[in-house]
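Worksheet: the structure to be examined is printed underneath.
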Amino acid sequence: MYTVLVGDFYFLIELQINVPITFNRCYNTPIILKDRRGREIFKFSIDEISFTGVLISFAAFLLGIKFPDWDLKLKLKHRSLITHSPFVMIFFYKIFKAESSKEFRFFIMGFSMALALHFIFDLFPKGWFGGALLKVPFINKTLSPGWSIVSLLTSTIICMVTAISYTKNFTEFIFLFFLGLCSLIFNIKKEKKAIRPLASFGIIYIVMGSVKYEMLFRYFAKVVLVLQRVVLEVVTAL
């Protein structure tokens, strides 16, 4: 058991290592975070997410991260609302409801998260003109910079909320977070932007996750209070 003290936060991290006696099972190392009273905050264990689910989510993520840029292949204008909105995700959602497939849930998680990350990068172009603006199909209308930002931000939140809502435990939530984080880091050189996309992803993901997971909300609220106190102290010192 390890004790970790970060600012005003005090955690006990308990590592339980179970050595399998057969070769048909991998090593399982659950990580349990507890507060100073010994209450469990959350538990991360690979047993709580299937290997098949990981593969499906990863494949769907690779598909989703590229899908918005297929507008030209579909003979649409660049940044068409058809590909730069949750429309296709809603289509997959209808399939999931009709099929009631447990595996397809992971597809929606990965695909929705990928769309959200793509839209986050699109929120920070070099300038809001030309190809950066969203296009409305069939009526040949280009949205203004303001409406393009509102549309992309709304689509980002909808897609991220959808991805998080389909997670069934905190392990899946953490898996999606690291999947998104790795994708952002991997695309930093290509997109030539880092701080704003990373910050936007982190804030939106944690805030939306706090709505589903009470334990995350509890500690997120504590972080906000600590930051508020720090800001007040800085302002007072000035």
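Atom CD1 of I195 has 12 or fewer neighbouring heavy atoms from other residues, nucleotides or ligands inside a 6.0 Å radius. Within a 6.0 Å radius of CZ in F58, no more than 12 heavy atoms belonging to other residues, nucleotides or ligands are found.
With hydrogens and angles disregarded, no donor-acceptor distance shorter than 3.5 Å links the side chain of R79 to the backbone of L133. Judged purely by atom type and a 3.5 angstrom limit, S57 uses its side chain to pair as donor or acceptor with the backbone of F106. In this structure a side-chain-to-backbone donor-acceptor pair under 3.5 Å is present from S200 to R196. Of the possible polar contacts, none joining the S151 side chain to the W147 backbone as a donor-acceptor pair under 3.5 Å is found.
Of all the heavy atoms in I149 and W128, the pair that sits closest is CG1-CZ2, 3.4 Å. Residues F67 and V88 approach most closely at CE2-CG1, 3.5 Å, considering heavy atoms. Residues A116 and M160 approach most closely at CB-CE, 3.9 Å, considering heavy atoms. Among all heavy-atom pairs drawn from H84 and P68, the shortest one is CE1-O, 3.0 Å. Nearest heavy atom pair, residue N187 against residue S183, reads ND2-O, 2.7 Å. Nearest heavy atoms, E172 versus N169: N-OD1, 2.9 Å.
Note: the hydrophobic cluster containing F51 does not contain F175 (ILVMFWY, side chain heavy atoms under 4.5 Å, direct or indirect links). No continuous path of hydrophobic side-chain contacts links F186 to I65 [ILVMFWY only; heavy atoms under 4.5 Å].
Here the CZ-CD1 distance, from F119 to I157, works out to 12.5 Å after rounding to the nearest 0.5 Å. In this structure, OG1 on T142 lies 5.5 Å from NZ on K77, to the nearest 0.5 angstrom. How far OG1 of T156 is from CG of L117: 8.5 Å, rounded to the nearest 0.5 Å. One distance of note links CD1 of I164 with SG of C159; it measures 11.5 Å at 0.5 Å rounding. One finds the CG atom of L179 at 12.5 Å from the CD1 atom of I174 (value rounded to the nearest 0.5 Å). Note that CG of L153 is 12.5 Å distant from CG of D122, once rounded to the nearest 0.5 Å.
There is no side-chain donor-acceptor pair under 3.5 Å between Y166 and S112.
Aromatic ring centres of F173 and Y205: separated by under 6.0 Å. Taking the six-membered ring for Trp and the full ring otherwise, F61 and F111 have centroids separated by 6.0 Å or more.
At least one side-chain heavy atom of L134 sits under 4.5 Å from a side-chain heavy atom of L152. Within the 4.5 Å cutoff, side-chain heavy atoms of D69 are placed close to those of H78.
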